[in-house]
Number of protein chains: 2
Amino acid sequence: MKEPNSPDSPLAELCRQRGLKLTGQRRTIAFVLSDSDDHPDVEELYRRAVEVDPRISIATVYRTVRLFEENGILQRRDFGGGRARYEVADGDQGDHYHLIDADSGRVIEFENTELDSLLAGIVRQMGYDLVTTRLSVVGRPKAKGGTRD
Amino acid sequence: MKEPNSPDSPLAELCRQRGLKLTGQRRTIAFVLSDSDDHPDVEELYRRAVEVDPRISIATVYRTVRLFEENGILQRRDFGGGRARYEVADGDQGDHYHLIDADSGRVIEFENTELDSLLAGIVRQMGYDLVTTRLSVVGRPKAKGGTRD
DNA sequence: TTGCAAATGATAATCTTTCTCATTATTGGG
DNA sequence: CCCAATAATGAGAAAGATTATCATTTGCAA
């Protein structure tokens, strides 16, 4: 038996719940992801994972990220720039969306229930059930007195 | 001299209006694009262009598509599948959005002014001016009476 | 028509992601 | 606790999409 004093990250728990074999590398990647609140690409994820476990390979990061996506643990995003980026999948509550700062490239998350239901309504009216929404808006900061980097 | 009875496509006209050099290849690609009402990728565009002018190179299609995008003539889209897809940019009126059929992968365009203004409002409230909206929803056809395989 | 700058074609190079395969690690059963 | 079956990993090759290179050709203004 294993005592519960090796505190697995929330995502590692999820990994186990889905019946996925919990290897050291997956534990590491799950930890790194649980620890991130941004939208890293694989290269960045690999950098962070190596900090925790230097013997990890980038091939494993690619494999794991794909596995997690297929199991609903991660969501893949495309913000341009040619590389896929990842974030922890939302729970059962409302989706969230992304505003991309046109100047800095920074990604800002937002939620909006009115938007949720409007989209669901539009899709329903077209004869479909909504499965996924991919929405990112690009915006330029309103010049309002101060400057912004 | 050339008489004005070789009717350039609308996109070729636009190309000229932007001060871009109007080469034979660009004329061909512009024609093919004006003739398309779907969302072809570069490979598909190349296939269609070769039908019109067999001496065109795929490198030129890549270059032209990028040039047109930089000049606001085309919009690049990502519907998954690893290849960029292109469509003629909207005029000054409302954007349009995309519903992707989860079963067939077909892309269905739609417009919605309520959505337009809701998005603009949200973005404004966050301190930004809306530049671009990238929205595609994935939906599954509602089973309505009959069975579905 | 002529010349020059820019575009093109063919292909090499680059970049991201997936695949291959020999080696290693995990997990369940004795 | 140990073993074997089985799946995961590492390293690098391979694939797929896109961009860069460079010699040659072409559009366009004078």
Side-chain angles (χ1 to χ4, degrees), chain A residues 1-3 6 8 12-13 15-32 39-47 49-50 52-71 73-86, chain B residues 1-2 4 6 8 12-13 15-32 39-47 49-50 52-71 73-86:
Chain A
M1 281 298 144
K2 188 163 221 172
E3 314 144 283
S6 50
D8 273 337
E13 274 314 321
C15 188
R16 173 176 295 138
Q17 277 173 35
R18 305 286 158 104
L20 303 174
K21 191 184 277 191
L22 193 47
T23 68
Q25 289 86 337
R26 288 182 186 171
R27 206 187 310 263
T28 297
I29 294 167
F31 167 75
V32 164
H39 312 80
D41 58 29
V42 169
E43 207 75 38
E44 175 61 28
L45 231 33
Y46 172 63
R47 256 176 252 125
V50 164
V52 180
D53 175 3
R55 67 192 163 158
I56 211 167
S57 154
I58 192 159
T60 298
V61 180
Y62 270 105
R63 270 189 291 241
T64 302
V65 123
R66 186 149 53 106
L67 180 77
F68 283 4
E69 201 216 343
E70 285 163 357
N71 282 271
I73 297 174
L74 283 185
Q75 274 189 296
R76 191 202 310 231
R77 300 288 184 188
D78 169 56
F79 297 139
R83 332 222 268 223
R85 296 170 66 173
Y86 291 88
Chain B
M1 280 302 138
K2 189 162 222 171
S6 49
D8 273 338
E13 275 313 322
C15 185
R16 174 178 292 136
Q17 277 173 33
R18 305 286 159 103
L20 303 174
K21 191 184 278 192
L22 193 47
T23 66
Q25 289 86 337
R26 287 181 187 172
R27 204 187 313 262
T28 297
I29 294 166
F31 167 75
V32 165
H39 312 82
D41 59 29
V42 168
E43 208 77 36
E44 176 60 29
L45 232 32
Y46 172 62
R47 255 176 253 125
V50 164
V52 180
D53 174 3
R55 67 191 163 161
I56 211 166
S57 153
I58 192 159
T60 298
V61 180
Y62 270 105
R63 270 189 291 243
T64 302
V65 122
R66 186 149 53 106
L67 179 78
F68 282 5
E69 201 217 342
E70 285 162 357
N71 283 271
I73 297 173
L74 283 186
Q75 275 190 296
R76 191 203 311 229
R77 299 289 183 185
D78 169 57
F79 297 138
R83 331 221 269 221
R85 296 170 65 173
Y86 292 87

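Here is how names work: the chains are called A, B, and so on, in the same order as the sequence lines, proteins then strands, and each is numbered from 1.
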Whole angstroms only, please: what is the CZ-P distance between B/Arg66 and C/dT8? 12 Å
Whole angstrom is fine here: how far is it from CD in A/Glu43 over to C1' in C/dT16? 9 Å
Roughly, in whole Å, what's the span from CG in B/Asp53 to P in C/dT8? 11 Å
Roughly, in whole Å, what's the span from CD in B/Glu70 to P in C/dA7? 12 Å
CD1 (B/Ile58) and CZ (B/Arg47) are apart, to the nearest 0.5 Å, by 8.5 Å
Value in whole Å for how far the C1' atom of D/dG16 lies from CG of B/Asp78: 15 Å
Between A/Ala59 and A/Leu67, whichever has its closest DNA chain D nucleotide further toward 5' is A/Leu67
Quick one: is C/dT18 close enough that its OP1 or OP2 comes under 4.0 Å of any side-chain N or O from A/Tyr62? no
How does protein reach along nucleotides 21-30 of chain C, written 5' to 3' as B (base within reach of a heavy atom under 4.0 Å), S (only sugar-phosphate), or - (no contact)? -----BS---
Name the one of A/Val61, A/Val42, A/Asp41 that satisfies side chain to side chain contact (heavy atoms under 4.5 Å, CB included) with A/Tyr86? A/Val42
Tell me the interatomic distance from B/Glu44, atom CD, to D/dG16, atom P, rounded to whole angstroms. 18 Å
Not counting sequence neighbours, which residues clear side-chain contact (heavy atoms from CB on, under 4.5 Å) with B/Arg63? List them please. B/Ala59, B/Thr60
Between A/Asp53 and A/Arg55 (salt bridge meaning N to carboxylate O under 4.0 Å), is one present in this structure? yes
For atom CZ of A/Arg47 and atom P of C/dT16, their distance in whole Å: 10 Å
Picking from D/dG10, D/dA8, D/dT18, which would you name as closest to the side chain of B/Arg83? D/dT18
Just list the side-chain donor-acceptor pairs under 3.5 Å for residues 18-26 of chain A, sequence neighbours left out, or say none.
unit_1  : atom_1 : unit_2  : atom_2 : d
A/Arg18 : NH1    : A/Asn71 : O      : 2.3
A/Thr23 : OG1    : A/Arg26 : N      : 3.2
A/Arg26 : NH1    : A/Lys21 : O      : 2.8

Closest listed nucleotide, where the reference is the side chain of B/Arg26 and the choices are C/dC19, C/dT8, C/dG9: C/dT8
Once you apply a heavy-atom cut-off of 4.0 Å, does A/Ile58 come out as touching a base, just sugar-phosphate, or nothing? nothing
Of B/Asp41 and A/Thr60, whose nearest nucleotide on DNA chain D comes first from the 5' end? A/Thr60
In whole Å, what is the span from the CZ atom of A/Arg16 to the P atom of D/dA7? 19 Å
Locate the shortest heavy-atom distance separating B/His39 from B/Arg85; write the atom from each residue and the value. O-NE, 2.7 Å
Separation between CD1 of A/Ile29 and OH of A/Tyr46, rounded to the nearest 0.5 Å: 11.0 Å
